[in-house]
Structures are given as structure tokens and as C-alpha cells.
Amino acid sequence: MTPAPQPGMSWRRRAHLIIDRGAGDDFSARLVHGGLVALIVVNITALVLESVPRLATAHERLFHGIELVSTVLFTLEYVVRLWVAPEHARYRGMSDWAARRAYALSPPALLDFLATVPLYAALLGYGDLKILLLFRLVRFFKLGRYSPGMASLGAALHAERKALAACIVILIGVMLLSATAMHFVEHDVQPDKFGTIPDAMWWAIVTLTTVGYGDAFPVSPLGKVVASLTAVMGLVMLALPVGIIATAFAQEIHRREFVVTWSMLARVPLFSGLNAAEIAEIMHALRARTVRGGGVVLRPHEPARSLYFVASGEVEIIEPVGSRRLDEGCYFGELCLTEIAAEGGIAVRATVATKLLVLDPADFRLLMLRHPELAAHLHRLAAV
């Protein structure tokens, strides 16, 4: 059961934090996300088992019940995501309906919509369409929303799409070359298998992909030489895209971490004049801190010596004149470079499970000692 929103937080905001950004020790978010992941797994399992005629006949009511419950829950999820769309940072500044329309046309929302199609199509009398099976299988890709790794892999594939397309072109070229060579060498010996280049192309692609079904193979000495070279080229063709994807995947993870942290640091007036290399040095001095929902970050009149960056979650700043909320990408606090810090007049608490990046004065001064050129640059910026 979803708890009542905390004072100052609307139901829509609370729903957004749970279904879209909930993490850490937030029980409601863990329950919702875990339930949706379990529902997707149950759906895919049911889809696979339902393809077995014996099981489909014996458990027809069970499979139908799973599909009915799943479609209702997926529909509810889709409606809730549309409702909370105006809370997304990317849609701020839009009207509620404009934000919902923009979200509805986004790839994740279209995926959510397709996941609800099969049952409603069956209710309208189109349940026998084979394409509905693909729509049910689409639900598997909803797992990407709950897996940062899958999202990073998709971004890596998109970033290296030109290199991967070049690999495919090279593979086609090598396949044509191998098939043509094998055709000229073996067409008189085995006309049924290598009598034409299209026939030889089947052998070439099977060999290049290291599958080797064994239904076609050369028998002449020259044909075996061509097959050996083709097999070696197959290893090269297999390693090439794997290396590209692995490198791009690692770079995407580091790039995402760098861009998010860099954008937060660049908002600090003291650091706004630094270049990427200088900000990267400061990033090494950051330490991570996790705060439970409702946990205290700063108490009233507690000296605020450090800078705090909200990596995920949300915090509430309680000041004498009122309160305000900061979410991902925002910062608060003050970097005190002296030993004596003035007492602050604010209190800070996490409204949900929050991950903070903290820049302490001691770590910052140590960084300045190690990099005097950075210290000089910061002193010049501070004097402006």
C-alpha cells in the first residue's frame, strides 16, 4: 500500500518518485518495481510454456488468467506513467497535456502501450492474429527500464551503429568472396552443393559464423584451403563487433557518470569557469553518501562545511523563511575552505531514498595542494 505523501508533496509527485525514480531503501518503490519485474518474468515464462500444446490445453484457464491480470496491471502502469509525466524534468515548462503527449510519443511509452494491445485485440475478435504474439514478447524489453545496464548497452549500440554497419558490410563482402572462390573450386566436384554462388553462400555464412552444420563441406585439396582461410576469417569477423561493443559499453558507462557529475559541478558558480579536465580533477575528490527517506542530512545551526550534490532522489531544504525541494542535478551547502565555519540556519532532510555526492573541505584542500595550477585558477575565479 502506498503511504500518504509527506507534507508539501502532492500525490502525483509521490507517484512519480515511486514509479519512475524510486530506489534505495524506499519500500514502496522496491515493491512496485519488484512487482513489475516479476510480472514481466511471469508473462515471458507463460508465453514460452503456452507454445507447448500439451501445457496449453491442460492449463488454458491459468494462461488466460495470467494474460488478463497482466494486461490490467500493465494498463494501470501506463495510465499512471501518463498521469505523472508532467513531473519529469525533461517536460517541465510544458502544460500537463503537452507533457503527457510528448511522453506518449516517446519510445518507452510506446513500448508500454504495445504491451497492453494483445488482450484488447482479443476482446475485439482479433485474438488469432499471429502478430499479437510479438506484442506479448515486446513486454520482455520493458525490463530495460529497470536495468541501467541494458539502457547503457542500448546507448552503446546506438553510438557505434556506423562501425557495426561497417562490420556487416565487411562480413557480406567476405562471404561473397569465399562463396565465389568455393564455387569455382568445387562446382564440378559437388554440383549439388556448390554448383551456384547462391548455394555456396550458405556454406560461406555458416563457416564465417563458426556454426558449421556439416551439411556442405569441400572435398578437394584446393577447396579445403579455401575453407581454412574462410574459417580463420570467421574468427576475425566474430571478434571485431564484440570488441567494438565491449569498448563502447565501457565508454558509455564512464561517459554517463562523467556527464551527470560534470553538469552538477558546473552549476556551482565557483567552478563554472573551469574546463572539463579541471572539473574531472574535482570529481575525484567527491565521496558518495546514501540517505534513507526521511533521514537528516543537515540539522539546524549545524555548520555547513561541504557541498552536497543530489545524484538521485530528492531533499527538502528547510529555511527560516520556508522550505524548498531539490532533486537530481541540484546542489546545496557551502564549500568552506577555512577551519572555522559559520553556523547555518537551514536544515536538510531526504524526502525519499537519496544518493548524494559530497565535496568536503579537507579533500578539496588536499586536491589544491596536489594541483597548484587548479588552486591558482580557482583563486582567480573567486576574485572576479
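Along the sequence shown, residues carry numbers from 1. Computed from a predicted model, the values in this text were never measured in an experiment.
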Contact check, side chains of [X] and [Y], non-hydrogen atoms, under 4.5 Å:
| X | Y | result |
| --- | --- | --- |
| Thr207 | Phe217 | no |
| Lys224 | Leu222 | no |
| Met201 | Leu176 | yes |
| Thr290 | Thr354 | no |
| Trp202 | Phe194 | no |
| Arg324 | Glu316 | no |
| Leu171 | Leu208 | yes |
| Val42 | Ile66 | yes |

Self-check item: side-chain contact (heavy atoms from CB on, under 4.5 Å) between Thr209 and Met237, intermediate numbers included
Solution: CA-CA 8 Å; Thr209 55; Met237 294 307 304; over 6 Å; no
Could you grab the distance from atom [atom1] of [X] to atom [atom2] of [Y], nearest 0.5 Å is fine?
| X | Y | atom1 | atom2 | result |
| --- | --- | --- | --- | --- |
| Leu36 | Leu76 | CG | CG | 9.5 Å |
| Leu229 | Met182 | CG | CE | 9.5 Å |
| Arg349 | Ser323 | CZ | OG | 8.5 Å |
| Phe63 | Asn43 | CZ | CG | 11.5 Å |
| Leu307 | Leu286 | CG | CG | 9.5 Å |

What about [X] and [Y], same hydrophobic cluster or not, with Ile/Leu/Val/Met/Phe/Trp/Tyr joined at side-chain heavy-atom distances under 4.5 Å?
| X | Y | result |
| --- | --- | --- |
| Leu55 | Leu47 | no |
| Leu111 | Leu82 | yes |
| Val226 | Val206 | no |
| Ile40 | Val37 | yes |

Side chain to side chain donor-acceptor pair (under 3.5 Å) contacts touching [range] (sequence neighbours left out):
| range | result |
| --- | --- |
| residues 170-186 | Ser178-Thr230, Glu186-Gln190, Glu186-Ser220 |
| residues 93-109 | Arg12-Asp96 |
| residues 45-66 | Glu50-Arg136 |

Exercise. State which residues pass side-chain contact (heavy atoms from CB on, under 4.5 Å) with Leu73; sequence neighbours excluded, sorted by chain then number.
Key: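 For Leu73 the side-chain contact (heavy atoms from CB on, under 4.5 Å) partners, ignoring immediate neighbours, are Leu39, Val69.
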Practice problem: Applying side-chain contact (heavy atoms from CB on, under 4.5 Å), name anything that partners Ile168, two or more places apart in sequence or on another chain. | Solution: Ile172
Heavy-atom pair with the smallest gap, counting every atom of [X] and [Y]:
| X | Y | answer |
| --- | --- | --- |
| Pro86 | Ala99 | CA-CB, 3.8 Å |
| Ala15 | Trp83 | CB-CZ3, 3.9 Å |
| Leu110 | Leu105 | CD1-O, 3.8 Å |
| Met175 | Ala204 | O-CB, 3.7 Å |
| Trp203 | Ala216 | CD1-O, 3.2 Å |
| Gly223 | Val185 | N-CG1, 3.3 Å |

Practice problem: Would you check, one step at a time, whether the test side-chain contact (heavy atoms from CB on, under 4.5 Å) holds for Arg81 with Asp112? | Solution: CA-CA 9 Å; Arg81 290 188 184 279; Asp112 290 337; 3.5 Å; yes
Practice problem: Decide yes or no on salt bridge (charged side-chain N to carboxylate O under 4.0 Å, His left out) for Arg287 and Asp360, but give the supporting numbers first. | Solution: CA-CA 8 Å; Arg287 63 179 178 86; Asp360 289 324; 2.6 Å; yes
Quiz item: Should the ring pair Phe332 and Tyr308 be called parallel, tilted or perpendicular, given that the plane angle runs from 0 to 90° and is split at 30 and 60?
Solution: parallel
Practice problem: Check the pair Glu77 / Ile19 against side-chain contact (heavy atoms from CB on, under 4.5 Å), numbers first and verdict last. | Solution: CA-CA 8 Å; Glu77 178 200 6; Ile19 200 168; 4.0 Å; yes
Practice problem: For Tyr78, look at atom OH and say whether over 12 heavy atoms of other residues, nucleotides or ligands are found less than 6.0 Å away. | Solution: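 Count over threshold, so yes.
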Quiz prompt | Flag for Thr351-Glu314: side-chain donor and acceptor within less than 3.5 Å | solution =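 Checked: Glu314/Thr351 side chains pair up, N/O donor to acceptor below 3.5 Å.
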Quiz item: Taking Arg161 for the side chain and His158 for the main chain, is one N or O donor matched with an acceptor at less than 3.5 Å?
Solution: yes
Could you go through residues 238-250 and list every donor-acceptor pair under 3.5 Å that involves a side-chain atom there, pairing it with any protein atom two or more places apart or in another chain?
| unit_1 | atom_1 | unit_2 | atom_2 | d |
| --- | --- | --- | --- | --- |
| Thr247 | OG1 | Gly243 | O | 2.9 |

